Amino acid sequence: MSSTQFEYILTSRPEPSVFQITLNRPKALNALCTPLFTELNSALFEADADDSVGAVVLTGSEKAFAAGADIKEMRDKTYVDVYKNGFLEDWTKLTKIRKPIIAAVSGYALGGGCELALMCDIILASPTAKFGQPEINLGVIPGGGGSQRLALAVGKSRAMEMVLTGRMVTATEAADWGMVSRVVGEGEGKVVEEAVAMAKEIASKGQLAIQAGKEVVNAAYEMSLEEGLRLERRVFYGLFATKDQKEGMSAFAEKRKANFTNQ
């Protein structure tokens, strides 16, 4: 990958197969703004096109994953401005990335920060993580998918509570509600370490099957059960045309480790 220099994010390779993006606006608690998302999208699409990358980790700081959207950017906008220019539409481009994205969340994940985490494929939370959609306190509602993805993740009643009261929920509550995969043990940087380890594990699998698995799980939120089952079977059948399927099943039968070539 290129050594592009960014202003609002940091990029690294903690493992050869893992690409890490760290939000980097410490003085603003990683508040999300359009230039940050421009950089984030650029880095993600570059990672998606890099065959050496198997999975992505997205994180912030110990104090804040992202404490919300940048209110200073939004404060003076008008209806005509946001409608005409499709404000926030570019903020969801990361959902088009084919490789798995793991959010490692510590501290505040509020408003746009909560929405950003929900756009990722897997969320791991530090015990310090706090999630919320406090837009109601600003006279608006979530605009980056929060109401929709939150309802799918935690159900109508809990989503209503978060959206209509603006209440923050703890990492433990988020885990109990099914919003995050799990809460990772105490210790600074522990949640990032766990996310990198998970990303490395995912990257060790056949990448065609990994991307296919991501596709069909995401489809479950947009299709009826019958349609989803039909898609799952078709994608499953398609993997029988790959070398990885032959290698994976042969390795299992021969009691050896599979050597996937992503073909």
Side-chain angles (χ1 to χ4, degrees), residues 6-10 20-41 43-44 56-75 87-95 97 101-138 140-154 158-159 161-175 177-181 183-184 189 191-192 195:
F6 297 108
E7 181 178 356
Y8 297 108
I9 63 174
L10 302 174
Q20 181 174 322
I21 300 174
T22 304
L23 304 181
N24 187 39
R25 293 189 72 195
K27 293 181 179 179
L29 295 179
N30 291 332
L32 304 172
C33 59
T34 297
L36 183 150
F37 264 96
T38 298
E39 293 186 357
L40 178 60
N41 290 336
L44 283 169
V56 176
V57 171
L58 177 60
T59 191
S61 67
E62 287 295 316
K63 191 171 185 179
F65 176 73
D70 193 332
I71 306 304
K72 293 179 181 178
E73 179 184 9
M74 295 190 293
R75 181 178 54 194
F87 183 54
L88 301 188
E89 286 182 6
D90 286 350
W91 291 29
T92 61
K93 283 185 176 179
L94 70 87
T95 61
I97 299 300
I101 304 173
I102 303 170
V105 179
S106 294
Y108 297 113
L110 306 177
C114 185
E115 290 171 316
L116 178 59
L118 288 168
M119 283 186 262
C120 296
D121 301 302
I122 299 169
I123 305 174
L124 298 181
S126 160
T128 65
K130 293 184 182 299
F131 299 87
Q133 299 290 165
E135 291 89 346
I136 202 74
N137 297 321
L138 304 175
V140 292
I141 62 171
S147 64
Q148 306 304 297
R149 292 189 176 91
L150 197 57
L152 290 170
V154 304
R158 287 164 172 164
E161 178 183 352
M162 290 180 69
V163 170
L164 300 186
T165 70
R167 181 175 81 85
M168 291 188 292
V169 300
T170 65
T172 301
E173 284 179 293
W177 290 3
M179 186 178 174
V180 307
S181 290
V183 180
V184 176
V191 69
V192 176

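Scope of the values below: all heavy atoms of this structure, side chains included, with no hydrogens, waters or symmetry mates. What you see is a predicted model, and the numbers here were worked out from it, not measured in a lab. We count residues from 1, following the sequence as given.
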Checklist entry - Checking side chain to side chain contact (heavy atoms under 4.5 Å, CB included) for the pair V192/V184: CA distance, chi angles, key distance, verdict? => result CA-CA 9 Å; V192 176; V184 176; over 6 Å; no

Any donor and acceptor pair, going by atom type alone, linking the side chain of N137 with main-chain N or O of G166 inside 3.5 Å?
-> no

**OP:** Examine the side chains of T172 and T170 and answer whether a donor and an acceptor come within less than 3.5 Å of each other.
**Re:** no

Correct closest heavy-atom pair for E115 and G143 would be OE2-N, 3.5 Å

Those residues at least two apart in sequence (or on a different chain) that pass side-chain hydrogen bond (donor to acceptor under 3.5 Å, both in side chains) with T22 are Q20

Between the CZ atom in F131 and the CG atom in L150, the distance rounded to the nearest 0.5 Å is 10.5 Å

Checklist entry - Please walk me through it: do L110 and L29 pass side chain to side chain contact (heavy atoms under 4.5 Å, CB included)? => result CA-CA 11 Å; L110 306 177; L29 295 179; over 6 Å; no

Here the gap from L23 atom CG to F6 atom CZ, rounded to the nearest 0.5 Å, amounts to 12.5 Å

Of all heavy-atom pairs linking L118 and A153, the shortest is CD2-CB, 4.4 Å

Heavy-atom closest pair (G146 atom, Q133 atom, distance to 0.1 Å) is CA-OE1, 3.9 Å

Tested for salt bridge (charged side-chain N to carboxylate O under 4.0 Å, His left out) against E173, the lone hit among R158, R167, K130 is R167

CD1 (I123) and CG (D121) are apart, to the nearest 0.5 Å, by 9.5 Å

Taking every heavy atom of N30 against every heavy atom of G60, the minimum-distance pair comes out as ND2-CA, 3.7 Å

### Query
Backbone N or O of G189 within a donor-acceptor pair of the E62 side chain at under 3.5 Å?
yes

Heavy atoms of V105 and A117 approach each other most closely as CG2-CB, 4.2 Å

Notebook entry, point to check: Is it true that a side-chain atom of S126 and a backbone atom of V191 form a donor plus acceptor pair closer than 3.5 Å?
Noted result: no

Taking side chain as C-beta onward, heavy atoms only, is L94 less than 4.5 Å from L116? yes

Is any side-chain heavy atom of R25 closer than 4.5 Å to a side-chain heavy atom of L32? no

Q) So do C114 and M179 actually touch side chain to side chain, heavy atoms under 4.5 Å? A) yes

query = Any side-chain heavy atom of I21 sitting closer than 4.5 Å to one from L40?
reply = yes

Output for pair (L36 CG, N24 CG), nearest 0.5 Å, gives 9.0 Å

* To do: With side chain to side chain contact (heavy atoms under 4.5 Å, CB included) as the test, would you mind laying out the steps for L58 and F65 before giving the verdict?
  => CA-CA 9 Å; L58 177 60; F65 176 73; 4.3 Å; yes

Those residues at least two apart in sequence (or on a different chain) that pass side chain to side chain contact (heavy atoms under 4.5 Å, CB included) with A69 are M74, W91

Legend entry - Audit row: I101, L44, side chain to side chain contact (heavy atoms under 4.5 Å, CB included) steps and yes/no: CA-CA 9 Å; I101 304 173; L44 283 169; 4.1 Å; yes

Heavy-atom nearest pair, V183 first then A175, reads CG2-CB, 3.9 Å

*Does atom CG of L10 have more than 12 heavy-atom neighbours, drawn from other residues, nucleotides or ligands, at distances under 6.0 Å?*
yes

To the nearest 0.5 Å, atom CG of N41 lies from atom CD1 of I97 at 7.5 Å

Separation between CG (L164) and OG (S147), nearest 0.5 Å, reads 10.5 Å

Side chain of S181, backbone of L124: donor and acceptor closer than 3.5 Å? no

- Crowding at CD, Q148 (>12 non-hydrogen neighbours, <6.0 Å): no

